[in-house]
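Take a look at the structure set out below.
Fair warning: this is a prediction, and the values are worked out from it, not measured in the lab. Chain identifiers are assigned alphabetically (A, B, ...) following the order of the sequence lines, protein sequences preceding nucleic acid strands; residue numbering begins at 1 within each chain.
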2 protein chains.
Amino acid sequence: MVTGHGVERSSQLLKGVLDMCLLAVISEQPSYGYEMVRKLSSRGLDLVSDGTIYPVLSRLQRGGLIDSYLEPSTEGPARKYYRVTEAGTSRLAEWTNEWRTMSDGVEAVLEGANDDGHS
Amino acid sequence: MVTGHGVERSSQLLKGVLDMCLLAVISEQPSYGYEMVRKLSSRGLDLVSDGTIYPVLSRLQRGGLIDSYLEPSTEGPARKYYRVTEAGTSRLAEWTNEWRTMSDGVEAVLEGANDDGHS
DNA sequence: TTGACTACCTTGCATAGCGTGTTAGCGTGT
DNA sequence: ACACGCTAACACGCTATGCAAGGTAGTCAA
């Protein structure tokens, strides 16, 4: 598109953070994809489509950071619960550190822009 | 690489934030590409290559958020300084808000993971 | 049986950062 | 003079990743 920013801003901001967030949600308590989407959006992280997270979950599992098991449900098809592995726990800690470092850097840049002199 | 992520984490985290950061840097004080890279990395945002930011600057300029002018230099070729426009200033404010909202959401998710019990 | 809801997964697409390489102005050492 | 190195901007192909849309399938109620 010539005119547009194309995708919404929030989508762009999610990039590179989604996998960490999913890992965090799972780490809090084992969960399944369909539920994670709702959990995230209830915390202000809007995912329009659930299709987005399944590839991420596969990637996390392939990387040995999470682990899955099926659980039958009376409300529909079996739920595929994901549970964090030990590797996942420590990876989450690393990612969290990197995220905070970056986040602080961004804040520093942002504040420099507002607060010219930075007394 | 064990997992085969390929690109470094910090790069991924930068996605969707770089343009905002550049806008913030320019907003603080008119600057040119070569210098911005150093400014950002001095604040903890590591850009490996300067080649990354030029497309972003073009995009920002095309969007009318910044404005450029050439300034001769005794140290090399002319510098292309960028300066923020009014549209850019208000856009930066919007982006900053969206960034903080997202950032808070991520923090909420992250804290939920650390603080397991917390019903 | 149909329809609604739950739930998972696949595929094609667009965005955007990475790495590398190119062009070019300027100063210095030989 | 000329090669070299630094400053500076920019183009190009690659890849990662999120989005949208669609498909499969199980359960329950009308």
Side-chain angles (χ1 to χ4, degrees), chain A residues 1-22 31-41 45-63 66 68-82 95 102, chain B residues 1 3-23 31-41 45-63 66 68-82 95 102:
Chain A
M1 282 277 145
V2 186
T3 47
H5 340 22
V7 195
E8 245 180 88
R9 188 98 206 132
S10 54
S11 318
Q12 297 312 315
L13 293 179
L14 254 194
K15 292 204 183 206
V17 179
L18 219 211
D19 49 2
M20 178 181 69
C21 289
L22 287 175
S31 182
Y32 53 99
Y34 198 79
E35 188 187 46
M36 293 181 212
V37 175
R38 290 181 306 208
K39 279 194 181 177
L40 287 181
S41 74
L45 303 179
D46 270 330
L47 291 172
V48 191
S49 168
D50 62 303
T52 300
I53 70 165
Y54 290 107
V56 180
L57 291 172
S58 302
R59 204 189 311 150
L60 290 174
Q61 187 167 25
R62 250 195 330 275
I66 58 178
S68 67
Y69 56 97
L70 287 174
E71 193 109 328
S73 163
T74 58
E75 323 250 330
R79 293 165 176 167
K80 195 168 185 180
Y81 276 85
Y82 291 93
W95 283 355
M102 201 272 310
Chain B
M1 281 256 137
T3 48
H5 276 81
V7 193
E8 248 180 83
R9 187 95 205 133
S10 53
S11 319
Q12 297 311 316
L13 293 180
L14 254 194
K15 294 207 181 203
V17 180
L18 221 210
D19 49 1
M20 178 180 71
C21 290
L22 287 175
L23 195 51
S31 181
Y32 53 100
Y34 199 78
E35 188 187 45
M36 293 182 213
V37 176
R38 290 180 308 210
K39 279 194 181 178
L40 286 182
S41 74
L45 303 178
D46 270 330
L47 291 171
V48 191
S49 168
D50 63 301
T52 300
I53 70 165
Y54 290 107
V56 180
L57 291 172
S58 303
R59 203 189 313 151
L60 290 174
Q61 188 167 25
R62 251 196 329 276
I66 58 178
S68 68
Y69 56 96
L70 288 173
E71 194 111 325
S73 161
T74 58
E75 321 251 332
R79 293 165 175 168
K80 194 169 185 180
Y81 276 85
Y82 291 92
W95 283 354
M102 202 272 312

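Contacts of B:Glu71 classified as side chain to side chain donor-acceptor pair (under 3.5 Å), with partners at least two apart in sequence or in another chain: none. Remark: A:Thr52 pairs with no residue by the side chain to side chain donor-acceptor pair (under 3.5 Å) rule, at least two apart or across chains. The side-chain contact (heavy atoms from CB on, under 4.5 Å) search around B:Val37 returns B:Leu47, B:Asp50, B:Ile53, not counting sequence neighbours.
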Do any N or O atoms of the protein come closer than 3.5 Å to N or O atoms of nucleotides 24-26 of chain D, and which pairs are they?
none

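A:Leu60 has its CG atom 13 Å from the P atom of C:dC9, to the nearest Å. Distance CE (A:Met36) to P (C:dT6): 17 Å, rounded to an integer number of Å. Whole-Å rounding puts the B:Leu18 CG to C:dT15 P distance at 17 Å. Atom-to-atom, CG of A:Leu57 to C1' of C:dT10 comes out at 14 Å; the value is rounded to the nearest Å. The separation between A:Ile53 atom CD1 and C:dA7 atom P is 12 Å, rounded to whole Å. Here the P atom of nucleotide D:dC10 and the CG atom of B:Asp50 are 11 Å apart, to the nearest Å. Rounded to an integer number of Å, the gap from CG of A:Asp19 to P of D:dC19 is 13 Å. When the C1' atom of C:dC8 is taken as reference, atom CD of A:Glu71 falls 16 Å away, rounded to whole Å.
A pairwise comparison of heavy atoms in B:Ser31 and B:Met36 identifies O-CE, 3.3 Å as the closest pair. Across B:Leu57 and B:Gly33, no two heavy atoms sit closer than the pair CD1-CA, 4.2 Å. Minimum heavy-atom separation, A:Asp46 to A:Ser41: OD1-CB, 3.3 Å.
Contact annotation for A:Thr74: backbone-only contact, meaning every heavy-atom pair under 4.0 Å involves sugar-phosphate atoms and none involves a base. In this structure, A:Tyr82 reaches the sugar-phosphate backbone alone: every heavy-atom distance under 4.0 Å involves primed, P, OP1 or OP2 atoms, never a base. Note on A:Gly51: a base of the nucleic acid sits closer than 4.0 angstrom, heavy atoms only.
Nearest nucleotide to the side chain of A:Tyr32, out of C:dA7, D:dC10, C:dG17: C:dA7. Of the candidates C:dT20, C:dC9, D:dA9, the closest approach to any side-chain atom of A:Lys80 belongs to C:dC9. Of all nucleotides listed (D:dA8, D:dA21, C:dT10), C:dT10 comes nearest to the side chain of A:Tyr54. Across D:dG18, D:dA8, C:dT10, the shortest atom-to-atom separation from the side chain of A:Pro55 is found for C:dT10.
Looking at heavy atoms from C-beta onward, B:Leu40 lies in side-chain contact with B:Leu22 at the 4.5 angstrom threshold. Looking only at side-chain heavy atoms (C-beta outward), A:Trp95 and A:Asp19 come within less than 4.5 Å of each other.
Along DNA chain D, the nucleotide nearest A:Ser49 and the nucleotide nearest B:Tyr81 are compared for position; the residue whose nucleotide lies closer to the 5' end is B:Tyr81.
At least one side-chain nitrogen or oxygen of A:Tyr34 sits closer than 4.0 Å to the OP1 or OP2 atom of C:dT6. Using a 4.0 Å cut-off, no side-chain N or O of B:Arg79 falls inside it from OP1 or OP2 of C:dC26.
Pairing analysis of DNA chain C (Watson-Crick: purine N1 to pyrimidine N3 plus N6-O4 or O6-N4; G-U wobble: N1-O2 and O6-N3; both under 3.5 Å) yields stems of 3 or more pairs at C:1-30 with D:1-30.
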Show me the side-chain donor-acceptor pairs of residues 72-81 of chain B shorter than 3.5 Å, one per line, residues at least two apart or across chains.
{"residue": "B:Ser73", "atom": "OG", "partner": "B:Glu75", "partner atom": "N", "Å": "2.9"}
{"residue": "B:Arg79", "atom": "NE", "partner": "B:Tyr32", "partner atom": "OH", "Å": "3.2"}
{"residue": "B:Arg79", "atom": "NH2", "partner": "B:Tyr32", "partner atom": "OH", "Å": "3.4"}

